[in-house]
8 protein chains.
Amino acid sequence: MDKETIEILKQVQAGKLSAEEAAQKLSQMEELDFATLDYSRQKRTGFPEVIYAEGKTPEQVLSIFTKLRKRHDRVLATRVKKEQAEQVLSHFPDTEYHETARTLFWHKKEADNPVPGYVAVVCAGTSDLPVAEEAAVTAEAMGVSVRKIYDVGVAGIHRLFARLDIIREADAIIVVAGMEGALASVIGGLVSKPVIAVPTSVGYGSHLNGIAPLLTMLNSCASGVTVVNIDNGYGAGHFAALILQNKYDHR
Amino acid sequence: MDKETIEILKQVQAGKLSAEEAAQKLSQMEELDFATLDYSRQKRTGFPEVIYAEGKTPEQVLSIFTKLRKRHDRVLATRVKKEQAEQVLSHFPDTEYHETARTLFWHKKEADNPVPGYVAVVCAGTSDLPVAEEAAVTAEAMGVSVRKIYDVGVAGIHRLFARLDIIREADAIIVVAGMEGALASVIGGLVSKPVIAVPTSVGYGSHLNGIAPLLTMLNSCASGVTVVNIDNGYGAGHFAALILQNKYDHR
Amino acid sequence: MDKETIEILKQVQAGKLSAEEAAQKLSQMEELDFATLDYSRQKRTGFPEVIYAEGKTPEQVLSIFTKLRKRHDRVLATRVKKEQAEQVLSHFPDTEYHETARTLFWHKKEADNPVPGYVAVVCAGTSDLPVAEEAAVTAEAMGVSVRKIYDVGVAGIHRLFARLDIIREADAIIVVAGMEGALASVIGGLVSKPVIAVPTSVGYGSHLNGIAPLLTMLNSCASGVTVVNIDNGYGAGHFAALILQNKYDHR
Amino acid sequence: MDKETIEILKQVQAGKLSAEEAAQKLSQMEELDFATLDYSRQKRTGFPEVIYAEGKTPEQVLSIFTKLRKRHDRVLATRVKKEQAEQVLSHFPDTEYHETARTLFWHKKEADNPVPGYVAVVCAGTSDLPVAEEAAVTAEAMGVSVRKIYDVGVAGIHRLFARLDIIREADAIIVVAGMEGALASVIGGLVSKPVIAVPTSVGYGSHLNGIAPLLTMLNSCASGVTVVNIDNGYGAGHFAALILQNKYDHR
Amino acid sequence: MDKETIEILKQVQAGKLSAEEAAQKLSQMEELDFATLDYSRQKRTGFPEVIYAEGKTPEQVLSIFTKLRKRHDRVLATRVKKEQAEQVLSHFPDTEYHETARTLFWHKKEADNPVPGYVAVVCAGTSDLPVAEEAAVTAEAMGVSVRKIYDVGVAGIHRLFARLDIIREADAIIVVAGMEGALASVIGGLVSKPVIAVPTSVGYGSHLNGIAPLLTMLNSCASGVTVVNIDNGYGAGHFAALILQNKYDHR
Amino acid sequence: MDKETIEILKQVQAGKLSAEEAAQKLSQMEELDFATLDYSRQKRTGFPEVIYAEGKTPEQVLSIFTKLRKRHDRVLATRVKKEQAEQVLSHFPDTEYHETARTLFWHKKEADNPVPGYVAVVCAGTSDLPVAEEAAVTAEAMGVSVRKIYDVGVAGIHRLFARLDIIREADAIIVVAGMEGALASVIGGLVSKPVIAVPTSVGYGSHLNGIAPLLTMLNSCASGVTVVNIDNGYGAGHFAALILQNKYDHR
Amino acid sequence: MDKETIEILKQVQAGKLSAEEAAQKLSQMEELDFATLDYSRQKRTGFPEVIYAEGKTPEQVLSIFTKLRKRHDRVLATRVKKEQAEQVLSHFPDTEYHETARTLFWHKKEADNPVPGYVAVVCAGTSDLPVAEEAAVTAEAMGVSVRKIYDVGVAGIHRLFARLDIIREADAIIVVAGMEGALASVIGGLVSKPVIAVPTSVGYGSHLNGIAPLLTMLNSCASGVTVVNIDNGYGAGHFAALILQNKYDHR
Amino acid sequence: MDKETIEILKQVQAGKLSAEEAAQKLSQMEELDFATLDYSRQKRTGFPEVIYAEGKTPEQVLSIFTKLRKRHDRVLATRVKKEQAEQVLSHFPDTEYHETARTLFWHKKEADNPVPGYVAVVCAGTSDLPVAEEAAVTAEAMGVSVRKIYDVGVAGIHRLFARLDIIREADAIIVVAGMEGALASVIGGLVSKPVIAVPTSVGYGSHLNGIAPLLTMLNSCASGVTVVNIDNGYGAGHFAALILQNKYDHR
């Protein structure tokens, strides 16, 4: 039983509140408790709520964006098409639109107190960029630094080795790969940091829109690899940022 | 806020309880609240908890059975193998073992006040019997009467027509079918009662252990058909019994 | 053998009908018998026939709509696109077009004698709205009241708890959910009423256009949950309404 | 060894051909032998070659159509879009375009000597019409009569019974059904004629574009049912016509 | 309305039957009508009912076998294991057990009046033999002659060509093939007779227990090919025999 | 270029090493470099190599176990059957065999300097225990504390709420669930810590041996959830331990 | 350790290089080593890098094309749409655009020293042409001759036999087939050369966009057949050219 | 037209053969031609026919083995279980049984003239050994040398680099890998030789008995990789040996 409840009960004990008044307060508090729970979580993670713009009209995106801006000091939207972005930008020019990542991000300009360390976002080919960038933007939106190591696919593995140090020293590693998705296993075998693998839908034929690399990553022979849904850059970025926020107790 | 809470608060107000004591009481009550919730649900449905015997040792089945017998006035176990049943029966000879249904059922001998109406359990072929019987036993264990219309598969549809009346007058209809599972659609087109379809794993080749009739039933062209998992006779029996219990307000 | 048949035979016996005349009458009656069967079912369910507008031209929809209006006192069309709706509305302005539900509904204005009780339609996210609304409109078209509990997805489970009472007191509960579809299991574990789960095609990647929540729902660990096809709001609404019509013997 | 070969060899024996000349002749003949084989088959079946128009330009369809017209006395094209049809019709106005079946058919106007008997083409719903009509046109193009029994889906099974005689007396029965495809099993259980089942891609969700009825039909509990590919009306029509042509030795 | 009905009605007209008696008679007749329907079908096809022995005890197989022997002049059981066969043979030594085909067959010794023509049963490899033999035994049990062309797989296609004549002259052709199942397409392209393709579960890895050849056969580029379920030799044999029985009007 | 290389080169420069000797040294070093890389990683993670006992003979397990014991101060084997365990235990009685987790674990008895914080291992049902325990043992083998919250499935969600605090305060949360796997989403929506979801193969029918909860978890509507392969308790335990080791810089 | 390294080390020994300079040189060399590795591979295969144009803007294709032209003496782009091609051709008119193959190819006009032998590219139907041509162009771009044997599908197998010699004498055989893909098995059984099978996405229904022929080819009963991804003409052409380049040591 | 035919024709021309005799001879020759074709192929490849022992009795394996020994100078059997091997070895002690590869191989002891060059067989883990060894034994049985590079999985990629030279200098490379199968892509990116990838069924959960690495390999981002069926070591060995036999014209 938390302090606030005891406080209310003490007021009843002290005759400052009637039983009925206390009952109502507790009831509100309980209801609040849930909201609070959610609210406090948002506060802790610095990430109140994300707008998934897919299938929404530009007007709808703008409307939700406006509402969230009022309540929070940072707002992120993902899967944002150009015309959706333009609608928001015409109202809030201080919003950043990232065309490759398909994200809109706004935050209060006050000095951030950034999380130390960084997330490495590694990707195999240029066609994986939108997903990789979505992961990067998401992590950054949660106050976490990102280093990008792009175009280091398994077909030319020396490119990966040339950049291994920066990968190894990250606090968490996001590996984005389409095609057969082998990159996650290769990196998983070379590092001792948590690797979050993101299969992408880039491929054709038996690729099955991402099922092939998804299975590859789930069956990785390297330990320390977990997987998110196909193309879910947002999910990987969020998860990686959680690791850093919790590591540096920075929420 | 419920009465009990207000009562406690009034005792605090009256000085009969200290704030700390009240806090502890409320905390216990909250915990209880959840248990109560669950308990009351069991009371209402007359169906406290079901033992899924698959993969358990005979000793484990006996142990759980014993525990539930103490707390409830009816106990059901499904997917019970012979040796599991024997273990239970040797301790509780008043338990009924239904070999085809693979169920064990025990209930207090006091006069039941049975739910009016009945569930029709219809099945296509003799190999669907275990699933059909599991559905029937489950419904009966919940106090609901069952009429069985077996071996009325679509390949000889006149057998179905001959027994249509008894199907049409049921309060809920369970249709169990393997092979292609067409029976659910045919019945669904002939009645105005809720039809619960159960695909079975009886078949071979492209039957895919029940996926074929599962898809058939999900895509039924007849309205008024819902579906449970492959071989889930228990689930269908439980759902049908819920309909009758709620209909006759008999919980 | 029904009365009408005996009547005819008596007329033959009485010499009022020749054998040939009686044969023809019986033959017509038999044919009628089938039609009657169907007709009487429509009468009972209050739901004569539903137009599935998908893939039909606006003219075709109008034509079927017109025909059904003549024969029945209520007509429902589902999956209606805007231009199909406009075609019908321009001829029958007293028809209700529900844009989100994508339904057209018309019924005679005479006083309805509504079915008591209500169906709770619960849904997880705003993108599940079209399916939830289709379920709601369908149930209402069958004379059943609906209460809507929307946007109570599992990601913020307190929102669900806040509205649990209204769900628990329904006669039947429809749960519409895309993404992973966990909501059906959560609700199934909290109520003692029949839960009809509707997976939606809202999701991406390994969601496989609704296969993911479909499997979730079929494998629900909570008893008392059955499932209809992906996006089949109509089917769920129809089934739920059947439960109420049968419960209150209101057909 | 056929006569022609012996003839050539006799000419060699008779000194009318040199060994080298004979060798060349035999070689040509061998090559011809294959063509002949194919040609004779076309002659026998009355069905020389079919143009699958899907993915071809109107010009390509016209070009192949023109070529085949010169060599054969009947030409069939399937999956013909309107603009493809118009291109052909503007050059050969005596060609029949069947819009629902999406076929173009031309044959010499000389008196046909039609195959006796008939194929019954049965279908469940109006949305299965294009496939059913493709089957019908194909069979007719092969000189076989067709009787159509449409809209007799399982959801209103009395409609099927009303027309059972005409189905039973056919020489072969084609059953076209989407949704769950149960119709094939029901008919298979009522007749003693070969039933060719055609699943259609009409459905949604777990229908998987025809996989659901395909599995239904492959797992039919009724004997005497075989299956062709999803939407393959042409294949079913061809197969059924083969049965009749062979039955009446009419090639 | 059939003659028998009119007869009854005339008896009523003539005062020989009361209306009530007639009603009862008609009612019985109607019931009979369905049975008759089924019975006459059995009589026509010469194939009353088949015992699917899979999953039955030897005693159950014997019991059903005994019952069917009494009512019919031929009895077939498929998927019969050795111990099931021995049980039946010990009681009915005049039954034929075909170990490879896994069938039991018994028929009255009176002179058969065999159907003319024959079915060609073609198979690719020796591991397809059980399915091919099941098809052959089934067709023979229905009074149809069978010629077997075995081990003519596509990997050594000359073996097929050497036996093409006997295949081409059959009235119907059953092609049984596991692995990739290409044989059905090759034969389909060389003949003008109905080809019934049976995929077998013989293979490994991506063969998926028969799904690979099933898809191959459903997608055959050759016309005139239909498909039955994986390993369904019985189904193919039955269907092929239907073609011959109908062709030679021999039922 | 690292210090050691420069050192060697300086020795060459100083004439202390010939070019050939240096070349050999550098070559060895390079080879070593790879080994070192791996070795240092093992040292850092405290987790040198894991024996996957599945499909190995007891002798093979013993042999590898013996080898690893010599080189490392902790050895873990997973998926260990009883007879494999007995073989190892008869030689190394100081090894711990965990029967439910199916693991063998040995480590040097010297005082451990445990990682602060803890991993919460949450599971839905008792049948998920082997996987949950494998996760727990793995994390512990890596020096990380574990708190177990078992049997808190979604069907009785109050049990979960009662233990939410201990879950929320963990550094990483492993959620193990079979059936429909909804638990991961529910917990993901209630915490701000990284959640690693493990689907288990516990279920039947459309569960597809774990595919159902795998898809559920990949499509979780809650952020902050990643997934490992079906039944991969080891992978989840390893990943979670990595997070703690990195957080507390404890390698 | 290679010569170059020893040379550097000798220079250090000789005092011509300081340790630091040598370290830097070795470091560069190492980095170069990877690049060289890749570069030398390109040189050997005559195939530096391929542009996969799918999803790129015409400008992006042009930009990469321009860059590669500068560094290599041959450049290939695949999956090139018309407008992408036009963009490149307007800048580099000496580039060859192959519309059916959807390829752009440019190479220096100097006399090629072509690889002896040839690759046979065999395909079943005209709709497989784009994939077959992609394979042919790729092989030719690698300096290998190609002979095309098109339209020899299994449905008219004599066409294949007429051209068997040219297939048998190839150094490697590419078989491109959609529909059921049986051609690969038939050819595999007739030749003693490596057969590379390419399934195409040409088909419908249970073809599953190429999964059907993919499975067919993977399960080929003929030895000597390997498979590439659906529609992967480029991969097959590359692989076949590798065989010839290695055979004739022509790199 | 081949020489032998011309010879026969010349004999006719010379009056040494009658037309009829020549016809018979040509006919026999034609039949022989097919056999010869096959026979000559066997001769060329040095690989007459392979016994797939799976599902055969020890007696059947012995019987086929005996027959093939008489006709050929080498005999190979794959998927041989111990008791099958013992049966053969007891009769032909000069046969080699390879327990891991599950093969039996016998060849005449005369001096072999081995094919130059070698095949590299690379595998990821010890559980892939049976498949790798099957590939190796098959290639060796075809007269080709094999070098084995085992246990070089992606999780410890340095082990692969240490052995890269021997892989790069092979004439063909077989890569055997279970789990996620990433090894094929990594090697494919490092060599300019044909890589034949063999997925194995070693894995669990979403591995789907080899489907995961099969998809991985089909979608390899590296060029020059083709794939055979899951666990098909024989197929890979045969294909690789074909490349070497053709390269060195050694048949």
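Lettering of chains follows the sequences in order, A, B, ..., and the numbering in each one begins at 1. Owing to the predicted nature of the structure, the values given are computational and were not obtained by experimental measurement. Excluded from the calculations below are hydrogen atoms, water molecules and symmetry mates; all remaining heavy atoms, backbone and side chain alike, are included.
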Can you check side chain to side chain contact (heavy atoms under 4.5 Å, CB included) on B/Glu180 and D/Cys221, steps first, answer last? CA-CA 7 Å; B/Glu180 90 286 62; D/Cys221 57; 3.1 Å; yes
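- Only the side chain of D/Leu208 comes within contact range of chain B, with heavy atoms under 4.5 Å apart.
- In this structure, OG in B/Ser206 is found 4.0 Å from CG in D/Leu218, a value given to the nearest 0.5 Å.
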Should D/Ile157 and B/Ile157 be marked as a side chain to side chain contact (heavy atoms under 4.5 Å, CB included) after you check the CA-CA gap, both sets of side-chain angles, and the distance that decides it? CA-CA 11 Å; D/Ile157 211 167; B/Ile157 211 167; 3.3 Å; yes
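- In plain terms, the two heavy atoms of D/Ala182 and B/Ser185 that are nearest each other are CB-CB, 4.4 Å.
- For the atom pair CG (B/Leu215) and OG1 (D/Thr216), the distance works out to 7.5 Å, reported to the nearest 0.5 Å.
- Across all their heavy atoms, D/His207 and B/Asn219 have their closest contact at CB-OD1, 3.2 Å.
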